[in-house]
Amino acid sequence: MIKPDAFAASNSGAIIKMIEEAGFKIIAMKKTLLTKDRAGQFYEVHKERPFYNDLTTYMSSGAIIPMILEKENAVEDFRKLIGATNPKEAAPGTIRALFAESIEANAIHGSDSDENATIEGSFFFSNTEQF
């Protein structure tokens, strides 16, 4: 998912290009806005963490682009492509090294497991939508 900071900075096209050039097939993609409540549902796993309120406020602050991607070893390869959560620690050439503003506004979200990828994809794309 391309986050509000990257969308607002007009970096979506460059990020999508990097994703495709890394061999990912985009199965589904849309531009949308999250309400604070919907952002809270998406990040429910972090509800007890001190950053939860700031995270949900940020994620509902502007447009996002959720995507479902396909590739062999998709989760592992995507995590490498996006880089460390903290852009100062992200490897050169990764999405976060190139486009993230800060650890909070870090340009992109990637699922951390196949199971979470399925859950997160279903959050944004219903089974009835045509891909």
Side-chain angles (χ1 to χ4, degrees):
M1 165 180 31
I2 296 174
K3 293 183 176 182
D5 59 293
F7 185 88
S10 298
N11 291 326
S12 300
I15 291 171
I16 292 167
K17 182 179 180 188
M18 286 180 69
I19 291 168
E20 290 183 317
E21 287 178 347
F24 291 90
K25 180 178 179 185
I26 299 173
I27 302 301
M29 175 173 67
K30 67 181 174 183
K31 175 187 161 213
T32 191
L33 295 168
L34 291 175
T35 62
K36 187 161 170 63
D37 183 56
R38 245 346 231 154
Q41 292 170 13
F42 186 80
Y43 287 105
E44 180 80 23
V45 67
H46 298 303
K47 192 172 182 88
E48 301 304 319
R49 299 245 177 123
F51 59 82
Y52 176 77
N53 187 55
D54 289 342
L55 176 62
T56 57
T57 298
Y58 160 66
M59 288 302 296
S60 59
S61 70
I64 61 167
I65 302 177
M67 293 174 269
I68 295 177
L69 306 175
E70 186 176 79
K71 181 182 180 190
E72 191 73 32
N73 290 325
V75 170
E76 182 181 341
D77 286 357
F78 195 67
R79 302 294 293 177
K80 289 177 188 171
L81 178 65
I82 67 176
T85 303
N86 183 344
K88 292 179 182 174
E89 297 172 1
T94 61
I95 291 171
R96 288 180 173 150
L98 294 169
F99 301 108
E101 296 175 11
S102 66
I103 195 168
E104 294 84 16
N106 62 13
I108 196 159
H109 166 84
S111 301
D112 61 2
S113 68
D114 290 342
E115 178 182 83
N116 282 340
T118 300
I119 293 166
E120 293 172 358
S122 296
F123 183 87
F124 289 107
F125 301 96
S126 72
N127 291 336
T128 59
E129 289 184 84
Q130 297 297 312
F131 301 136

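All values below come from the heavy atoms of this structure, side chains included, with hydrogens, waters and symmetry mates left out.
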Original post:
Can you tell me how far CZ of F42 sits from CE of M1, rounded to the nearest 0.5 angstrom?
Top reply: 4.0 Å
Original post:
Which ILVMFWY residues can you reach from L81 by hopping between side chains whose heavy atoms are under 4.5 Å apart?
Top reply: I2, F7, I15, I16, M18, I19, F24, I26, M29, I65, M67, L69, F78, I82, I95, L98, F99, I108
**OP:** Heavy atoms only: give me the nearest A6-A107 pair and the separation to one decimal.
**Re:** CB-O, 3.6 Å
**OP:** Indicate yes or no: at least one non-hydrogen side-chain atom of L34 is less than 4.5 angstrom from one of F124.
**Re:** yes
Original post:
Rounded to the nearest 0.5 Å, how far does CD of E101 lie from CG of N11?
Top reply: 8.5 Å
Original post:
Does T118 use its side chain to pair, donor to acceptor, with the backbone of D114 at less than 3.5 Å?
Top reply: yes
Original post:
To the nearest 0.5 Å, how far apart are CD in E89 and OG1 in T94?
Top reply: 11.5 Å
Original post:
From E104 CD over to N86 CG, what is the distance, rounded to the nearest 0.5 angstrom?
Top reply: 9.0 Å
**OP:** Could you tell me the separation between the NE2 atom of H46 and the CG atom of L55, rounded to the nearest 0.5 Å?
**Re:** 6.5 Å
**OP:** Taking atom NZ of K31 as the centre, report whether more than 12 heavy atoms of other residues, nucleotides or ligands fall under 6.0 Å from it.
**Re:** no
**OP:** Could you state whether F123 and I64 fall into the same hydrophobic cluster, counting links through intermediate Ile, Leu, Val, Met, Phe, Trp or Tyr residues with side-chain heavy atoms under 4.5 angstrom apart?
**Re:** yes
Original post:
What is the distance from atom OG of S111 to atom CZ of R79, rounded to the nearest 0.5 Å?
Top reply: 8.0 Å
**OP:** Would you check if K71 and K25 make a side-chain contact, meaning some heavy-atom pair closer than 4.5 Å?
**Re:** no
Original post:
With no hydrogens and no angle check, do the side chains of K47 and N53 hold a donor and an acceptor under 3.5 Å apart?
Top reply: no
Original post:
Shortest non-hydrogen contact from A97 to A90?
Top reply: N-CB, 3.8 Å
**OP:** Indicate, with yes or no, if M59 and F51 share a hydrophobic cluster defined by side-chain heavy-atom contacts under 4.5 Å among Ile, Leu, Val, Met, Phe, Trp and Tyr.
**Re:** yes
Original post:
Is it the case that D112 and N116 place a side-chain donor and acceptor less than 3.5 Å from each other?
Top reply: yes
Original post:
Do you know the tightest heavy-atom contact between F125 and P66?
Top reply: CZ-O, 3.5 Å
**OP:** Taking all heavy atoms of A117 and all of V75, pick out the closest pair and write down the distance.
**Re:** CB-CG2, 4.3 Å
